[in-house]
Amino acid sequence: MSVFADYAPWYDLLYRDKDYAAEVDFVEARLCRAGMASGKLLDLGCGTGLHAIEFARRGWDVAGVDLSADMIARAKARAAQAGLKIPFRQGDACEVGAERDCDAVVSLFHVASYQNDHEHLAALFRTAHAALKPGGVFFFDYWYGGAVLAQGVETRVKMIEQPPLRLTRIAQSDHDEPKATVFVNYTLFCEDMDRSTIRRVDETHHMRYWFPFEVEAILRRCGFEPTGSHAWLSDAAPNVKDWGAYTIARKAAKP
Ligand SMILES: C[S@@+](CC[C@H](N)C(=O)[O-])C[C@H]1O[C@@H](n2cnc3c(N)ncnc32)[C@H](O)[C@@H]1O
């Protein structure tokens, strides 16, 4: 069973408090600072399309790719509902696609941490590289290793109620420190309070935490010039308090 297959119907509800518009404000400001204020943008690991649609609303010419057919189906339905024509396609972002001449490529909400080793991260970077025009900008985020090691992984419970639905998600994690990965075992109880039904979904997400020095070395090998790594939604350096970090890189003008 592919990751996000059973999880997809509940994804947007689980993250309903995530402020996608504010995140796009932030990312767009960094792209703009890097000289890309508009143009063609590819979202790798676009999920249900929430960032991609925000970018499209702001005038970007957007395309999106995601491994999960279920997530892509939701992205397509959402774009159609918003009256936006966004080519969303199901595909592996670790395989170079047909997208070319983009001004910007983004990969948001830990997609890079779903790539569990150097080889897969490099493959993701090569896809971004092929899609960008020379000088184009790549923005992506990931689990920051310093914070994961400092904070440790623990069992977390999240509950969300949107009548008639109630979701309870238990995330129990197993840390494989030698491989710098974490298996997050999600158990989701999806309750319909009107019908008194309850469904259980189990999914394991295998995550790799990264350190900026290794991310930046892989970027260089893939033809990028990294321009900085920071704590998520800030200009500060990655730090132990912030689980998320992002890196910005520019496709080298010459190969
Ligand atoms: C936490 S979700 C983030 C989705 C979306 N970017 C968002 O912010 O809501 C991670 C996404 O990465 C996608 N993903 C992971 N590995 C991928 C790959 N190799 N190719 C394409 N998508 C991938 C998953 O299918 C999932 O939709």
Side-chain angles (χ1 to χ4, degrees), residues 1-28 41-56 60 62-79 86-99 104-131 138-144 156 158 169 171 173 181-184 186 188 201 203-210 218 222 232-233 243-246:
M1 185 198 67
S2 70
V3 170
F4 284 99
D6 284 346
Y7 206 75
W10 313 102
Y11 184 85
D12 291 336
L13 185 52
L14 269 171
Y15 294 110
R16 69 169 178 190
D17 295 332
K18 189 170 160 66
D19 192 342
Y20 280 86
E23 291 187 6
V24 170
D25 282 345
F26 180 85
V27 177
E28 194 180 34
L41 179 145
L42 175 63
D43 185 351
L44 293 177
C46 61
T48 59
L50 287 157
H51 290 117
I53 286 169
E54 272 299 323
F55 276 109
W60 289 82
V62 181
V65 183
D66 200 279
L67 198 54
S68 160
D70 303 80
M71 299 290 263
I72 282 293
R74 278 160 207 283
K76 283 182 175 168
R78 173 170 282 122
I86 302 178
F88 284 116
R89 68 171 176 89
Q90 189 273 328
D92 188 347
C94 293
E95 289 169 8
V96 170
E99 295 85 5
V105 172
V106 299
S107 193
L108 301 170
F109 201 15
H110 313 327
V111 178
S113 278
Y114 281 85
Q115 316 318 315
N116 298 147
D117 52 35
H118 282 217
E119 193 192 316
H120 284 88
L121 192 65
L124 177 75
F125 292 173
R126 281 195 292 271
T127 302
H129 190 271
F138 182 29
F139 182 114
F140 61 97
D141 70 276
Y142 47 92
W143 283 18
Y144 168 53
R156 291 181 190 169
K158 182 170 184 175
R169 186 186 72 178
S173 296
T181 67
V182 177
F183 291 89
V184 187
Y186 288 117
L188 205 56
V201 169
E203 234 181 61
T204 297
H205 293 200
H206 189 197
M207 311 299 290
R208 168 67 146 91
Y209 49 86
W210 294 102
I218 300 169
C222 295
W232 180 236
L233 295 184
W243 198 269
Y246 69 93

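Sequence positions, counted from 1, serve as the residue numbers for this chain. Both ligands and their constituent atoms are indexed starting at 1 by order of listing.
- In this structure the side chain of Ile72 reaches within 4.5 angstrom of the side chain of Cys46, judged on heavy atoms.
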Filter the ligand 1-protein atom pairs down to N or O on both sides and distance under 3.5 Å, then list them.
residue: ligand 1; atom: 6 (N); partner: Gly45; partner atom: O; Å: 2.7
residue: ligand 1; atom: 6 (N); partner: Leu108; partner atom: O; Å: 2.8
residue: ligand 1; atom: 8 (O); partner: His51; partner atom: ND1; Å: 3.2
residue: ligand 1; atom: 9 (O); partner: Tyr11; partner atom: OH; Å: 2.8
residue: ligand 1; atom: 9 (O); partner: Tyr20; partner atom: OH; Å: 2.6
residue: ligand 1; atom: 16 (N); partner: Gln115; partner atom: NE2; Å: 3.1
residue: ligand 1; atom: 19 (N); partner: Asp92; partner atom: OD1; Å: 2.9
residue: ligand 1; atom: 20 (N); partner: Ala93; partner atom: N; Å: 2.8
residue: ligand 1; atom: 22 (N); partner: Leu67; partner atom: N; Å: 3.0
residue: ligand 1; atom: 25 (O); partner: Asp66; partner atom: OD1; Å: 2.6
residue: ligand 1; atom: 27 (O); partner: Asp66; partner atom: OD1; Å: 3.2
residue: ligand 1; atom: 27 (O); partner: Asp66; partner atom: OD2; Å: 2.7

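- In terms of the ring-ring contact (aromatic ring centres under 6.0 Å, His included) criterion, residue partners of Tyr209 (sequence neighbours excluded) are, by chain and number, His175.
- In this structure, Ser173 and Val182 approach most closely via the heavy-atom pair CB-CG1, 3.7 Å.
- A 4.5 Å side-chain heavy-atom check between Lys18 and Phe109 finds at least one atom pair inside the cut-off.
- Nearest approach of Gly47 to Ala75, heavy atoms of both residues: O-CB, 3.6 Å.
- Checked against a 6.0 Å centroid threshold, the rings of Phe125 and Phe140 count as neighbours.
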